[in-house]
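The next block holds one structure in the form of structure tokens; read it before the comments.
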Amino acid sequence: VQLVDSGGGLVQAGGHLTLTCRASESIVGLDAMGWYRQAPVKKRELIASMPIRGPIKYADSVRGRFTISGDNAKATWYLQMNGLRPHDNAMHYCSHDPPLTREVADPTGQLKYEEIWGQGTAETVSS
């Protein structure tokens, strides 16, 4: 499965953006889809998770401002981001929560597992 993230851009503080994640195919064994973000020199963190069953979860830093939604049958998910602030500047990625893995061969032919991520979409909030 391939994930494609889109929708980032430049926005003024207080503005909004909607990110979109599309999967190339239905995700077998889907439990929850999530949006993650990674600010410069920081670790990637889960900020919103939408499970098949159960409540949607948000990180404290985005709760009340961001909304995750999507259509699992169409393999498309969204992150509506309102009230953006400069500290929200980051690359945003969608992935399964937790990230799924696939087996790939490295240049030497050795098999290894890698996590499946979208390519990310950048958002810049100007003050």
Side-chain angles (χ1 to χ4, degrees):
V1 62
Q2 304 292 327
L3 300 172
V4 178
D5 307 318
S6 63
L10 176 64
V11 63
Q12 290 187 332
H16 59 88
L17 286 171
T18 299
L19 307 183
T20 300
C21 171
R22 289 188 173 87
S24 57
E25 59 191 83
S26 296
I27 297 177
V28 177
L30 175 65
D31 293 319
M33 284 301 290
W35 282 97
Y36 300 72
R37 73 178 177 189
Q38 186 168 16
V41 302
K42 291 189 177 180
K43 293 182 178 180
R44 193 171 300 184
E45 61 172 340
L46 178 67
I47 58 172
S49 178
M50 185 174 71
I52 295 294
R53 285 174 288 276
I56 290 174
K57 300 176 183 178
Y58 295 98
D60 290 342
S61 58
V62 305
R63 186 177 295 111
R65 299 187 298 125
F66 291 9
T67 302
I68 186 173
S69 63
D71 186 329
N72 295 325
K74 295 183 178 179
T76 303
W77 300 272
Y78 307 96
L79 184 68
Q80 174 70 38
M81 305 186 294
N82 296 326
L84 286 165
R85 308 164 182 167
H87 76 247
D88 291 317
N89 286 343
M91 285 289 291
H92 286 78
Y93 304 84
C94 79
S95 186
H96 192 269
D97 172 27
L100 300 175
T101 58
R102 59 185 164 208
E103 194 173 41
V104 297
D106 68 15
T108 68
Q110 186 171 4
L111 295 177
K112 62 178 183 179
Y113 288 95
E114 68 176 20
E115 293 181 335
I116 300 173
W117 294 94
Q119 84 287 2
T121 182
E123 148 217 332
T124 301
V125 183
S126 62
S127 56

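Keep in mind it's a predicted model, so treat the numbers as computed, not measured.
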Seminar exercise, completed: Heavy atoms of H96 and A32 approach each other most closely as CD2-O, 3.2 Å
For this session: Please list, chain by chain and in numerical order, all residues satisfying salt bridge (Lys or Arg N to Asp or Glu O under 4.0 Å) with D71, sequence neighbours excluded.
Result: none
Problem set entry | Residues which pass salt bridge (Lys or Arg N to Asp or Glu O under 4.0 Å) with R22, listed by chain and number, not counting sequence neighbours | none
For this session: Give a yes or no on whether I52 and M50 share a hydrophobic cluster (residues Ile, Leu, Val, Met, Phe, Trp, Tyr; joining criterion: side-chain heavy atoms under 4.5 Å apart).
Result: yes
For this session: Just jot down the side-chain contact (heavy atoms from CB on, under 4.5 Å) partners of T121, sequence neighbours excluded, or say none.
Result: D5, L19, H92
Seminar exercise, completed: The salt bridge (Lys or Arg N to Asp or Glu O under 4.0 Å) partners of R65 (sequence neighbours excluded) come to D88
For this session: Taking side-chain contact (heavy atoms from CB on, under 4.5 Å) as the test, write out the residues that go with N82, two or more places apart.
Result: H16, Q80
Exercise. Can you pull the side chain to side chain donor-acceptor pair (under 3.5 Å) pairs that have at least one residue in residues 45-55, sequence neighbours excluded?
Worked result: R37-E45, S49-D97
Exercise. Who pairs with V41 by side-chain contact (heavy atoms from CB on, under 4.5 Å), at least two apart in sequence or on another chain?
Worked result: none
Problem set entry | Intermediate values then yes/no, side-chain contact (heavy atoms from CB on, under 4.5 Å), L79 and T67 | CA-CA 6 Å; L79 184 68; T67 302; over 6 Å; no
Exercise. Can you list the residues that meet the side-chain hydrogen bond (donor to acceptor under 3.5 Å, both in side chains) rule with N89, with sequence neighbours excluded?
Worked result: none
For this session: Report the distance from atom CD1 of I27 to atom OG of S95, rounding to the nearest 0.5 Å.
Result: 7.5 Å
Exercise. Which residues pass the side-chain hydrogen bond (donor to acceptor under 3.5 Å, both in side chains) test with W77, sequence neighbours left out?
Worked result: N72
For this session: Could you tell me whether Q12 atom CD has more than 12 heavy atoms of other residues or ligands within 6.0 Å of it?
Result: no
Exercise. Do V11 and T124 come close enough that some side-chain heavy atom pair is under 4.5 Å?
Worked result: no
Exercise. Given the rule that I, L, V, M, F, W and Y join up when any side-chain heavy atoms are under 4.5 Å apart, are L30 and L3 in one cluster?
Worked result: yes
Problem set entry | With T108 via side-chain hydrogen bond (donor to acceptor under 3.5 Å, both in side chains) - residues at least two apart | D106
For this session: Rounded to the nearest 0.5 Å, what's the gap from CD on E123 to CG on L17? Could you check?
Result: 6.0 Å
Exercise. Does the gap between the ring centers of W35 and F66 come in under 6.0 Å?
Worked result: no
Exercise. Between E103 and K112, does at least one N-O distance fall below 4.0 Å, as a salt bridge requires?
Worked result: no
Exercise. From I56 CD1 over to R63 CZ, what is the distance, rounded to the nearest 0.5 angstrom?
Worked result: 12.0 Å
Seminar exercise, completed: By salt bridge (Lys or Arg N to Asp or Glu O under 4.0 Å), E115 pairs with (sequence neighbours left out) none
For this session: Applying side-chain contact (heavy atoms from CB on, under 4.5 Å), run through T101 and I116 and close with a yes or a no.
Result: CA-CA 6 Å; T101 58; I116 300 173; 5.8 Å; no
For this session: Begin with the C-alpha distance, continue with both residues' side-chain angles, and end with the deciding distance and a verdict on side-chain contact (heavy atoms from CB on, under 4.5 Å) for Y78 and C21.
Result: CA-CA 6 Å; Y78 307 96; C21 171; over 6 Å; no
Exercise. When rounded to the nearest 0.5 angstrom, what distance separates OH in Y93 from CD in Q119?
Worked result: 9.0 Å
Exercise. Is Y58 reaching over with its side chain to a backbone N or O of I68, donor-acceptor style, under 3.5 angstrom?
Worked result: yes
Problem set entry | Sub-4.5 Å side-chain heavy-atom contact between P99 and Y36 | yes
Exercise. Quick one: side-chain contact (heavy atoms from CB on, under 4.5 Å) partners of A13, sequence neighbours excluded?
Worked result: P86, V125
For this session: Output, in order, the C-alpha distance, side-chain angles, deciding distance and verdict of side-chain contact (heavy atoms from CB on, under 4.5 Å) for K43 and Q38.
Result: CA-CA 6 Å; K43 293 182 178 180; Q38 186 168 16; 5.6 Å; no
For this session: Would you indicate whether the side-chain heavy atoms of T18 and M81 approach each other to under 4.5 Å?
Result: no
